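Sequence lines set the chain letters: A, B, ... in the order given, protein chains first and strands last, and positions in each chain run from 1. What you see is a predicted model; the values in this text were computed from it and never measured.
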2 protein chains.
Amino acid sequence: MVTIRDVAKRAGVGVGTVSRVLNNSANVSAQTRLQVLAVIDELNFRPNPIAQRLPRQETLTIGVILPFFTFPFFVNILEGIHAEISEAGYDLLVMNVDSPEKSEQYFGKAVFGRRFDGVIVVTLPLSDQYVELFAKNDLPVVLVDSFHPQISAITVNNVVGGALATQHLIDKGHTKIAYIGDNQNDLFGFHTTQLRLHGYQQTLRDNGIAPNPNWIFQGNQGKGSGVQGANYLLSQDPTPTAIFAYSDTVALGVVEVAEERGLRYPNDFALIGFDDIEISQYIGLTTVRQPMQEMGKQGARQLINLLAHPSDVKAIELPLQLVERKSTNFIRG
Amino acid sequence: MVTIRDVAKRAGVGVGTVSRVLNNSANVSAQTRLQVLAVIDELNFRPNPIAQRLPRQETLTIGVILPFFTFPFFVNILEGIHAEISEAGYDLLVMNVDSPEKSEQYFGKAVFGRRFDGVIVVTLPLSDQYVELFAKNDLPVVLVDSFHPQISAITVNNVVGGALATQHLIDKGHTKIAYIGDNQNDLFGFHTTQLRLHGYQQTLRDNGIAPNPNWIFQGNQGKGSGVQGANYLLSQDPTPTAIFAYSDTVALGVVEVAEERGLRYPNDFALIGFDDIEISQYIGLTTVRQPMQEMGKQGARQLINLLAHPSDVKAIELPLQLVERKSTNFIRG
DNA sequence: CGCTATAATGGAAACGTTTCCAGTTGCAGA
DNA sequence: TCTGCAACTGGAAACGTTTCCATTATAGCG
């Protein structure tokens, strides 16, 4: 194993000089620099990254705590984060929360484990208690798709999203509009379901439509919510003509039930989702697009900025966009 | 920052003893151990992971080199790897190959960068040159969905997979069967397209059907291959009645074109894909399932085993499974 | 030509662990 | 009581860098 001392000896300089060359520090003469670089090349020397981190008191590692990392929404956010973080030369360590307990566990690990220079938390809420702990340990945090007043956060406005979806259905002539939510995440403390529901109800009222409590269903597990919700709504009398699903995944459950019963959008009913995951374009699902990758990128950028300027806390809200497809386009026969 | 020396001093023992307690080494009396643990708890001491790695000469980090990590196939493999690796207490560093050059770059980084205790390479082929370099640097490698005779590998049999798909279509009464491949990956050196094609041709011949070269199309970009392939096949005379798509993603492109032209499976044509990604169940696509997550898990396990027993090289072949859905089930009207 | 400020340089100390060697202790057996 | 061995313990050295301080060389200036 070639060390910095081998290089120094062979180049006839001190280890400090080699280190300065490696780190592009000032105060190395051009000639010495070239000479050292030649030896580095000759011996094929690469500094040991672990040994570099010890005296620097940095881990050069960023931790990401996120739930369900195989779900398209999270994969896309993660991709954005990953791209920015590795670009900046940091390592990325993913902590995948697949059960509610793990959430606490990873927060603790992040704070006390001395493993990260900074942490990005996706979707999961951060309690005041942990906000304080992170602050006390000088560990910068950024929230993506989650919010806390004292922490840098990248969000979309879910109330507005709910309104966008609902208004679109109203514009298409619907008045009997149902909402299928998803409480799965309540276990983890997400609260986006409530926000979108709020936007939905508000928009109905703004348009002079009284929300019908029988047309609001809260399921508890992604696609399963859609299955349960669709079956529930079909048992109501009257049935709604349009459904706003909490997410595209929930919408998939609705599609499944509809298909079994021989119902097809856009003519038998209208359907709108949320997120715009890849699958949605293939099934012609109208949806509210979240800029997932961009959310990840911006989160990573905020964190990297925070590493240099610890007090530069910012809250950024990214825009949502309605993507209109077949599922809300009633075709007059 | 609390160090091991603070703990030692407060507990009235030597640093060696504290270290032995931390690492559950033998030769610490029960009483001393309890006393040290009490102080660790009292001072809330956590060993600095970076400092541990330096004298141990380990990074406790595994590198994964894989292409397109947002594609469902790779996400699923990655999930399997991640679960096993973090279970074993290692960090996982993902290197996402999204352009052919990056592949080489990451291999070099893995070998020379001194960052990993071991490496998992997914789908990308490993050249003899790198096999030698990895060996020379004592860096264990495992291949997942790729193969090299001197390296531990987890594979499926793509020739058999091609045969499975083709035989299924023949069993359903088809004789005019097309194949749409995907050369995108040729840039990266994948060769699964050729293997599946081989299985397809062999099976046709085994059933006394002469492969028609006009019904073989090699596209070059996932869904795009399907789009191009479908348009090409529809321009042939005669047109095939069944299509075997290299992957589910390619099949999605076929579906898109078919829909535009008012054609629907299973009655207008039959379609079979490969992989069984999540979307396939929603669109009723018959496919050949790869045990993606299991491939990742087994790969990780092999690597962890290799860390302890460097010469225990194994090649494991996992079974494929035909998943029959609507897209190949012609309904007699 | 001497003086001073500045640039360049060498190398010791530090980062926080693990590991190993040299003791020390305690106890069984004679 | 003494001997020998095993169990336990302390702490120095080592891991491979960075950083900082002391020192030397260089250049500019009057």
Side-chain angles (χ1 to χ4, degrees), chain A residues 1-40 43-61 89-91 112-117 137-138, chain B residues 1-40 43-61 89-91 112-117 137-138:
Chain A
M1 175 176 266
V2 184
T3 74
I4 200 172
R5 260 178 263 272
D6 299 325
V7 175
K9 192 175 288 178
R10 177 126 180 108
V13 300
V15 291
T17 302
V18 178
S19 177
R20 280 183 286 265
V21 170
L22 284 173
N23 297 289
N24 282 312
S25 306
N27 293 340
V28 180
S29 73
Q31 193 198 336
T32 309
R33 163 164 280 124
L34 284 173
Q35 186 182 339
V36 170
L37 286 173
V39 174
I40 286 175
L43 302 182
N44 197 21
F45 166 73
R46 312 282 171 121
N48 179 324
I50 303 260
Q52 290 182 303
R53 292 166 195 206
L54 189 49
R56 276 187 184 162
Q57 299 284 80
E58 293 176 316
T59 62
L60 297 182
T61 304
Y90 285 85
D91 290 352
F112 299 116
R114 304 158 175 269
R115 289 156 83 71
F116 308 117
D117 292 342
N137 288 272
D138 288 319
Chain B
M1 176 176 265
V2 183
T3 73
I4 200 173
R5 260 178 263 272
D6 299 325
V7 175
K9 191 175 288 179
R10 176 123 181 111
V13 300
V15 290
T17 301
V18 177
S19 178
R20 280 184 285 264
V21 170
L22 284 173
N23 296 289
N24 282 314
S25 307
N27 292 339
V28 180
S29 73
Q31 194 199 335
T32 308
R33 164 164 279 125
L34 283 175
Q35 185 183 339
V36 170
L37 286 173
V39 174
I40 286 175
L43 301 183
N44 198 19
F45 167 72
R46 313 281 172 123
N48 179 324
I50 304 260
Q52 289 181 304
R53 291 165 197 209
L54 189 50
R56 275 187 184 161
Q57 298 284 82
E58 294 177 316
T59 62
L60 297 183
T61 303
Y90 285 86
D91 290 351
F112 298 115
R114 304 157 175 269
R115 289 157 83 72
F116 308 118
D117 293 341
N137 288 273
D138 289 319

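Separating the CG atom of A:Asn27 from the C1' atom of C:dG10 is a distance of 14 Å, rounded to the nearest angstrom.
Rounded to 10 degrees, the angle between the two end axes of the helix from C:dC1-D:dG30 to C:dA30-D:dT1 is 40°, with five pairs used at each end.
The two atoms that bring A:Val18 and A:Ala8 nearest to each other are CG2-CA, 3.7 Å, heavy atoms only. The two residues B:Phe45 and B:Ile4 come nearest to each other via the heavy atoms CE1-N, 3.6 Å.
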Indicate every side-chain donor-acceptor pair of residues 27-34 of chain B with a distance under 3.5 Å to a residue at least two apart or in another chain.
from	atom 1	to	atom 2	distance (Å)
B:Ser29	OG	B:Thr32	N	3.2
B:Ser29	OG	B:Thr32	OG1	2.7
B:Arg33	NH2	B:Ser25	O	3.1

For residues 46-54 of chain A, which side-chain N or O atoms pair as donor and acceptor with protein atoms under 3.5 Å away, sequence neighbours left out?
from	atom 1	to	atom 2	distance (Å)
A:Asn48	OD1	A:Ile50	N	2.8
A:Asn48	OD1	A:Ala51	N	3.2
A:Arg53	NE	A:Pro49	O	3.4
A:Arg53	NH1	A:Thr59	O	2.8
A:Arg53	NH2	A:Asp91	OD2	3.4

Kindly give the atom pairs (protein nitrogen or oxygen, nucleotide nitrogen or oxygen) under 3.5 Å for nucleotides 14-21 of chain C.
from	atom 1	to	atom 2	distance (Å)
C:dC15	O3'	A:Gln57	OE1	3.3
C:dC15	O2	A:Pro55	N	3.3
C:dT17	OP1	B:Asn48	N	3.1
C:dT17	OP2	B:Ile4	N	2.8
C:dT17	O4	B:Arg5	NH2	3.2
C:dT18	OP1	B:Asn23	OD1	3.3
C:dT18	OP1	B:Asn23	ND2	2.9
C:dT18	OP1	B:Gln52	NE2	3.2
C:dT18	OP2	B:Ser19	OG	2.5
C:dC20	N4	B:Arg20	NH1	3.1

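When the side chain to side chain contact (heavy atoms under 4.5 Å, CB included) test is applied to A:Gln57, the partners found at least two apart in sequence or on another chain are B:Met1.
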Side chain to side chain contact (heavy atoms under 4.5 Å, CB included) for B:Arg20 and B:Val13? Distances and angles first, verdict last.
CA-CA 11 Å; B:Arg20 280 184 285 264; B:Val13 300; over 6 Å; no
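Once rounded to the nearest 0.5 Å, the distance linking CG of B:Leu43 with NZ of B:Lys9 reads 12.0 Å. A distance of 11.0 Å separates CG of A:Leu22 from OG1 of A:Thr17, quoted to the nearest 0.5 Å.
Of all the residues in residues 28-40 of chain B, B:Val28, B:Ser29, B:Thr32 reach under 4.0 Å from DNA chain D with at least one non-hydrogen atom.
B:Arg10 CZ: 12 or fewer foreign heavy atoms inside a 6.0 Å radius.
Taking only side-chain nitrogens and oxygens, A:Thr17 comes nearer than 4.0 Å to OP1 or OP2 of C:dG10.
Between A:Tyr90 and A:Asp117 the shortest side-chain heavy-atom distance falls below 4.5 Å.
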